Amino acid sequence: MPDRFLRIALGVTLGLLIAFVAQPYILAFLYSADAPRSVTARGDLSAAEKTTVDLFARAAPSVVHVFAQAAAQGRALMEPDDEFGQGEQQQQGSGTQTGTGFVWDAAGHVVTNNHVVEAATKGGGSISVRLASGEVVGARVVGTAPSYDLAVLQLGRVAKMPPPLAVGTSADLKVGQSAFAIGNPFGLDHTLTTGVISALQRRLPTQEGRELSGVIQTDAAINPGNSGGPLLDSAGRLIGVNTAIFSPSGASAGIGFAVPVDVVNRVVPDLIKNGRVRNPGIGIIAGQEATAARLGIDGVVVLRVLPGSPAAQAGLRGVDPRSGTIGDVIVGANGRPVHRLSDLTAVVEEAGLDRPVTLLVERDGRVRTVRLNTADVAQTRL
């Protein structure tokens with residue numbers, strides 16, 4: 001009896017072992033999909049998906065890829081394409097920067113970032129634009145506004161002009177509402193990223209020693225190559241121009257910045273008409289903030305006053321070039337404290353051109369009130 005039971009147990013164990021070893025072969029023989037599988041119906045897209053798909057379909061034809069060549073060089077053709085490369089960062093040896101832009105009007109004006117085309121404009125280089133259709137056309141710079149990191153290009157002859165983007169407003173944006181960025185990150189054409197507006201009223205340093213206030217912050221992925229591209233709301237309207245990311249690695253880390261469209265809608269027409277933007281200012285050159293801080297000065301030190309400017313007419317005084325004696329320090333503007341140049345710039349920008357501004361000015365330990373009107377000043381001045 002024990003021998004019979006042992007034989008049965010060994011037989012069952014051996015059978016289980018054989019089944020275990022043979023299982024993959026049996027499954028492969030019985031269930032292998034050696035012919036195309038039938039497609040499972042998915043049903044309709046969700047309402048949110050349909051909205052996003054429609055938004056991209058409407059906006060993408062208006063988004064372009066911008067190539068700025070610092071100096072026309074035949075050897076640039078021997079460089080590898082920028083696909084999976086560095087986007088708007090300069091390609092080694094080629095002198096080329098790439099970024100994004102979008103069609104502004106039916107006349108073929110394209111808006112992008114100034115830093116995308118800066119090398120070409122300063123170095124006498126060339127600019128070309130690839131449209132969504134794949135057509136590549138030449139472009140020339142109509143005007144630049146380094147203080148806002150904006151530039152306007154004029155397309156050359158185009159077979160079919162893409163439609164301009166619809167323009168929205170940045171005045172009523174809310175933190176948490178959806179945001180959509182279209183651009184060419186790392187040279188990859190027409191990439192859509194989505195997110196939300198994560199903050200408003202940020203400040204962003206730009207060229208010429210100024211800071212742009214009211215900047216939009218978003219967590220929609222913005223990478224090198226996205227610069228100059230549109231930031232859209234859920235209606236597909238332009239609400240900002242993507243201009244920068246905050247990332248030690250250079251890749252998207254959830255914090256991107258865009259120039260608000262209300263600023264763009266004011267600056268771009270000036271660039272188209274005049275080639276430059278009319279900057280509201282008071283006609284001063286400010287001292288270095290770091291130096292003022294080391295001297296224990298809280299405010300904007302007036303380094304120089306431009307002749308004939310509103311500041312000169314109001315009697316503001318700069319630093320004495322012979323003795324180095326500090327003249328006026330601006331400590332307030334339109335009822336707000338002024339600790340640094342960006343505080344004063346924000347007030348002047350809000351006031352606009354030919355508008356009154358009331359300053360609190362400290363001289364020799366005494367504070368007085370100075371009233372003046374803003375005027376159009378050079379981009380490197382306030």
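Given the structure is predicted, the values throughout are model-derived calculations rather than measurements. Scope of the values below: all heavy atoms of this structure, side chains included, with no hydrogens, waters or symmetry mates.
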Under the side chain to side chain donor-acceptor pair (under 3.5 Å) definition, can you give me all pairs with a residue in residues 160-173, not counting sequence neighbours?
T169-D262, S170-D262
Side-chain ion pair, D270 and R266, N-O less than 4.0 Å
no
Under-4.0 Å salt bridge between D328 and R317:
no
How about [X] and [Y]: do any of their side-chain heavy atoms sit closer than 4.5 Å?
X    : Y    : result
V264 : W104 : yes
T243 : S227 : no
L359 : L316 : yes
P310 : N373 : no
V215 : Q217 : no
D320 : R322 : yes
Q313 : L372 : no
V357 : N334 : yes

Main-chain N/O of [Y] paired to [X] side chain as donor or acceptor, under 3.5 Å:
X    : Y    : result
T374 : G281 : no
E135 : A159 : yes
N226 : N223 : yes
S128 : G138 : no
Q154 : A107 : yes
H109 : V152 : no
R58  : A60  : no
D343 : R340 : yes
D233 : A235 : yes

According to salt bridge (Lys or Arg N to Asp or Glu O under 4.0 Å), who are the partners of R130, at least two apart in sequence or on a separate chain?
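Partners of R130 by the salt bridge (Lys or Arg N to Asp or Glu O under 4.0 Å) criterion, ordered by chain and then number, come out as D189.
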Suppose we screen for salt bridge (Lys or Arg N to Asp or Glu O under 4.0 Å). Which residues come up paired with D298, at least two apart in sequence or across chains?
none
Decide whether [X] and [Y] are clustered together by the hydrophobic rule: side chain heavy atoms of Ile, Leu, Val, Met, Phe, Trp, Tyr closer than 4.5 Å, transitively.
X    : Y    : value
F20  : Y25  : no
V167 : L271 : yes
L192 : V53  : no

Under the side chain to side chain contact (heavy atoms under 4.5 Å, CB included) test, residues paired with A59 that sit two or more places apart
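A59 satisfies side chain to side chain contact (heavy atoms under 4.5 Å, CB included) with L165, I182, L232 once adjacent residues are dropped.
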Show, in sequence, the C-alpha distance, side-chain angles and deciding distance for D149 and N114, and conclude whether the side-chain contact (heavy atoms from CB on, under 4.5 Å) test is met.
CA-CA 5 Å; D149 197 15; N114 177 68; 3.5 Å; yes
Spacing of OG belonging to S62 relative to CG belonging to L131, to within rounding of 0.5 Å:
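Atom-to-atom, S62:OG and L131:CG are 10.5 Å apart.
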For R336, side-chain hydrogen bond (donor to acceptor under 3.5 Å, both in side chains) partners two or more places apart:
E350
Taking only residues two or more places apart in sequence, or in another chain, which ones meet T100 in a side-chain hydrogen bond (donor to acceptor under 3.5 Å, both in side chains)?
N184
Inspect the surroundings of CZ in R355 and state if more than 12 heavy atoms from other residues, nucleotides or ligands are less than 6.0 Å away.
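No, the 6.0 Å shell around CZ holds no more than 12 heavy atoms from other groups.
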V259 and V267: CA distance, side-chain angles, deciding distance, side-chain contact (heavy atoms from CB on, under 4.5 Å) verdict
CA-CA 11 Å; V259 181; V267 170; over 6 Å; no
Verify side-chain contact (heavy atoms from CB on, under 4.5 Å) between I197 and K174, making sure each step is shown before the conclusion.
CA-CA 7 Å; I197 294 173; K174 300 291 189 295; over 6 Å; no
Chi angles and distances behind the side-chain contact (heavy atoms from CB on, under 4.5 Å) call for V301, V329:
CA-CA 4 Å; V301 176; V329 178; 4.2 Å; yes
